[in-house]
Protein chains: 2
Amino acid sequence: MMQVPLTVGPLLERAEKFFAKKEVISQTHDKLHRLTYAEIGGRTRRLMSALEALGIQKGDRVGTLAWNHHRHLEIYFAAPGMGAVLHTINIRLSPEHIIYIINHAEDKILFIDEDVLPLIEAVQDKLTTVKVFVVMTDKEELPDSVLTPLFSYEELLRTGNPKYEFDKSLDENDPAGMCYTSATTGKPKGVVYSHRGIVLHSLALGLADSAAISESDVSMAVVPQFHVNAWGTPFACTWFGTTQVMPGPRFTPKRLAAFIEKFNVTVTAGVPTIWLGLLRELEQGDYDTSSLRAVLCGGSAAPKGLIKAFEEKYNIPFIHAYGATETTPLVTLSRLKSYQQDLDTGEKLDQRSKQGIPVPGVEMKVVGNAGEVKWNGEEMGELLLRGPWIANEYYLDERTEQAFQDGWFHTGDVVTVDEEGSIKIVDRTKDLIKSGGEWISSVDLENALMAHEAVFEASVVSIPDPEWQERPVACVVLHDGYVEKVGKDDLLEFLRPQFAKWWLPDDVLFFDEIPKTSVGKFLKRELRKQVKEHYNLQG
Amino acid sequence: MMQVPLTVGPLLERAEKFFAKKEVISQTHDKLHRLTYAEIGGRTRRLMSALEALGIQKGDRVGTLAWNHHRHLEIYFAAPGMGAVLHTINIRLSPEHIIYIINHAEDKILFIDEDVLPLIEAVQDKLTTVKVFVVMTDKEELPDSVLTPLFSYEELLRTGNPKYEFDKSLDENDPAGMCYTSATTGKPKGVVYSHRGIVLHSLALGLADSAAISESDVSMAVVPQFHVNAWGTPFACTWFGTTQVMPGPRFTPKRLAAFIEKFNVTVTAGVPTIWLGLLRELEQGDYDTSSLRAVLCGGSAAPKGLIKAFEEKYNIPFIHAYGATETTPLVTLSRLKSYQQDLDTGEKLDQRSKQGIPVPGVEMKVVGNAGEVKWNGEEMGELLLRGPWIANEYYLDERTEQAFQDGWFHTGDVVTVDEEGSIKIVDRTKDLIKSGGEWISSVDLENALMAHEAVFEASVVSIPDPEWQERPVACVVLHDGYVEKVGKDDLLEFLRPQFAKWWLPDDVLFFDEIPKTSVGKFLKRELRKQVKEHYNLQG
């Protein structure tokens, strides 16, 4: 067979040729843009030539600090397309972490959204490798800024060459992108994505039994483009000629709902907290969401009630998936097997609320205290992964040794596997509550609590216990109408029939908000601190 | 990213693990078998260990002369799974070509269907490399045969090890399979398939916009497993956990229709002549074909009338595809783009009757007399292909030089490309009729003729002409009811409004049957000979 490398550039070339008229609809600060793939292609080529003119070479890291919009998409293809490395930076991280990430990756250039400029201006003197700044704005004039040299994105494009060619000399194992994931403790850890990994992952996203991304779709990635390449959807959607809707800076649930209706979005992807927010908006507004064929949900476990609400109240099919920054990210996806279509509604929901089976190309192994666990839906073990789009290291980071062992990525996620091979995340290894020598799954308790009509969000953490080593405490945010009407005992009564006695939380604390990470996951480290402070506990 | 090679073994491992209960339904000479993927997996592992015991080593060619059934499927995985090479041999070739192929590939072992034994017995003394013969039969006793040593497939399995492991040390570029394609002149040409090529091709078959093969499908490959791996469907279907129906030896249209109804087949693949035959059967019988979501058709251009009949009379969606032995084979597939859904019925049929656009991963270039052709649906040029599942050579064959040039496979197919990038095969370079310096597409004339209600099959070939160099002659098989009722002038009248005057055939000859190749394509070389004999022409 021909030795044709799997590289990122040809994905856009296919869209330019075969889907020239299809559109990318992009919200920026100032307006809504509609560009065809022919236009996106020309602009991306201009950008590549501009990067070259600015001195960017093969292997150089090209940093972005940006929301979901078409310019960000263009950099997705321009940087790897010329052999450089797309480095998406999480704009919600602390300045300290952002400085660390940019310096550690040795970014040569930064592409910055208008409203993110102040963040970088404030830390500019700490950046040791950046030579050039580019601001992405719709305005004709450059904003006043201390950043120097500072270029305007559109001005760079105007001077660029629309016929510039993608680099066809790349090896498929060359780096195409990178992304840092925040660690529980310590500095963020970098993951490098290869061209090969991204292309294979895109194929996986197009499989009928996976996300089934198609030319006929209108895809809106709500998951940020600065987070694991928006789950790789911009690459796959471009390759397949899918219409893309990009919700832009600081979007609200209202904007998401409006875009779904206005642009007939068929598939959208994001974390559970986003969908909880959208659900609230749908309950308040009057939106036509009938175009949606799938809501993809990952990042953390979606409560069963969320899945149920989308499907039963709004008839929106909800697909639960699992992945991580280290896994490009798609690993598993929960769809019913053909013979499971005969299950009753409750059993189907049980099955669908699991994380599902690995997509073709990914191998898994679940290892508990005594080797690989039985597939019985009960034994807990850590999920280990292997595959061509699974990382084999953290970028220049000694924490590699711990997470990557014997050719497997140790996810730190504790799961059960049922008879069908479907995994269910029960916890993070570090969040599992070890009570009297047994394990309690904080996630199981959270999901059960969130199935209560009064509960908007729930997070369960451990507190130290002199007798049992650790004991669970539930932290709950109530829906507006239920505050001060539903109390600790109501919720414990609700849990009692569902769990062994020793699983029940020792206490239920009520919060206005649960602290979250920059990508919308519960920030248990912070929550645990708050809970300990509440009880005046040490450590 | 991890360096995990793309190899064939893990495709079956996935089915063993996650689709253990799903079935392969297989017709052999004596009975209908139903085996689960767990059973197929165990049997394949037994077979690998038996092959090893018989002395088969990495890189050795394992020949098969067999119909579509589960044992053939097991060899599909056992041979490449242990590092050997699956060599499927077309049992419909002449003994002379079969001898050539086996010796040229240097097959070490031959797996032979019961009814194919006589074919090999007759040529045994000409086979220079085969050390072992295995007969695939349901019977307990070995048939009487001069072949020696001769083993029984099921006996080999009984002695095998069901826990034997797939070879995990393979390189993804190692050969996994091979298949010979008959040439217009000269010996058949061998194509070697790599593990990587087969795995990537399987992903392509699973894409939502391609064949969309899914766990929920029931797939019946009618295209022979000895022909380009049954278009790769056994690999893809196994990987995705799809139920497979294998119609076995010497199937008839009646069996195909009955299997579709009985096993609720959802997707099936074959050449146009098969579907013409099935259509006749559906017209005569009373079958429920409502389970079918797609009939995939390739191998040669399907007449528009065939597509229309399936869709309008039987409501069976028909998907036109294009590929070749050299291309694993999927290259293009014709689906309407989202915005083409607004076309009227006739325009949609026009579009669907083309071969479509390349699937993700395949690049094409269409080169006419003056470089790349315009995408206007009119300019004709040869189709050139490039991609990771496109061959880069013929196996130890000097004809490589002609077909593989500058990194592109020159298909020998003449196509037009429309504004949407959809190709339409207008001819083989060698079948194009060159009349007065202009090109006439034999395929266009054939399709037009086959749209006439009286015409069952039509093939157009050139005859030498002193004035025009070449002129077209139409060879037609009429439907039963029309014989002697429809004549030459009726058909020429029918064509007249559709073509330029100089395109019209000089004559129409009526045949009982049109000679076909072993895979059901019109054998124009033979037909041209018959036509010349008819006119007493030389050469």
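Values reported hereafter were calculated over all heavy atoms of this structure, with side chains retained and with hydrogens, waters and symmetry mates removed. Proteins come first, then strands; the chains are lettered A, B, ... in the order of their sequence lines, and each starts at number 1.
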Which value, rounded to the nearest 0.5 Å, describes the distance between B:Leu207 atom CG and A:Leu205 atom CG?
-> 10.5 Å
So which of A:Trp375, A:Phe404, A:Tyr193 has the largest heavy-atom pair count under 4.5 angstrom toward chain B?
-> A:Trp375
Taking every heavy-atom pair that is under 4.5 Å apart, which of B:Ala204, B:Ser422, B:Ala391 has the most such pairs with chain A?
-> B:Ala391
Under 4.5 Å to a heavy atom of chain A? For B:Arg335 that would be neither
Residues, nucleotides or ligands: over 12 heavy atoms within 6.0 Å of A:Lys163 NZ | no
Engaged part of B:Arg14 at the chain A interface, taking heavy atoms whose separation is under 4.5 Å = side chain
Turns out that what part of B:Asn173 lies under 4.5 Å from chain A's heavy atoms comes down to side chain
Write down the atom of B:Lys21, the atom of A:Tyr339, and the distance for their closest heavy-atom approach.
-> NZ-CE1, 3.8 Å
Answer with side chain, backbone, both or neither: which region of B:Thr328 has an atom nearer than 4.5 Å to a non-hydrogen atom of chain A?
-> side chain
Kindly check if the number of other-residue, nucleotide or ligand heavy atoms within 6.0 Å of CD (A:Glu401) is above 12?
-> no
Name the member of A:Ala208, A:Pro360, A:Gly361 that forms the most heavy-atom pairs with chain B at distances under 4.5 Å.
-> A:Pro360
Report the distance from atom CZ of A:Phe19 to atom OG of B:Ser338, rounding to the nearest 0.5 Å.
-> 9.0 Å
Note: A:Leu336 and B:Glu215 closest approach over all heavy atoms is O-OE1, 4.4 Å
Which region of B:Pro358, side chain (C-beta onward) or backbone (N, CA, C, O), has a non-hydrogen atom less than 4.5 Å from a non-hydrogen atom of chain A, or is it both or neither?
-> both
Candidate pair B:Ile198 and A:Met1, rule side-chain contact (heavy atoms from CB on, under 4.5 Å), full reasoning | CA-CA 10 Å; B:Ile198 288 174; A:Met1 298 283 109; over 6 Å; no
Does any heavy atom of chain A fall under 4.5 Å from the side chain of B:Leu11, the backbone, both, or neither of them?
-> neither
Check each atom of B:Pro10 against the heavy atoms of chain A and say whether the ones under 4.5 Å are side chain, backbone, both or neither.
-> neither
Looking at B:Ile213, B:Ile357, B:Val4, B:Val359, which has the largest count of heavy-atom pairs under 4.5 Å with chain A?
-> B:Val4
Could you tell me which portion of B:Glu172 (side chain, backbone, both or neither) has an atom closer than 4.5 angstrom to a non-hydrogen atom of chain A?
-> side chain
Determine the minimum heavy-atom distance between A:Leu200 and B:Leu203, stating which atoms define it.
-> CD2-CD1, 4.2 Å
The interface call for B:Val199 against chain A, heavy-atom contacts under 4.5 Å, is neither
How many angstroms lie between CG in A:Asp209 and CG in B:Asp217, if you round to the nearest 0.5 Å?
-> 8.0 Å
Compare every heavy atom of B:Gly421 with every heavy atom of A:Phe18, then report the nearest pair and how far apart it is.
-> CE2-O, 3.4 Å
Taking A:Trp239, A:Phe409, A:Trp389 one by one, which has the highest count of heavy-atom pairs under 4.5 Å against chain B?
-> A:Trp239
Value for OG (A:Ser194) from CD (B:Gln3), rounded to nearest 0.5 Å, stands at 7.5 Å
Heavy atoms of other groups near B:Lys424 NZ, more than 12 under 6.0 Å = no
Interface residue of largest heavy-atom contact number with chain B, from A:Pro175, A:Ser216, A:Pro388, under 4.5 Å = A:Pro388
Separation between CZ (A:Arg386) and CE (B:Met2), nearest 0.5 Å, reads 7.5 Å
Rounded to the nearest 0.5 Å, how far does NZ of A:Lys22 lie from NZ of B:Lys337?
-> 9.0 Å
Under 4.5 Å to a heavy atom of chain A? For B:Leu385 that would be backbone
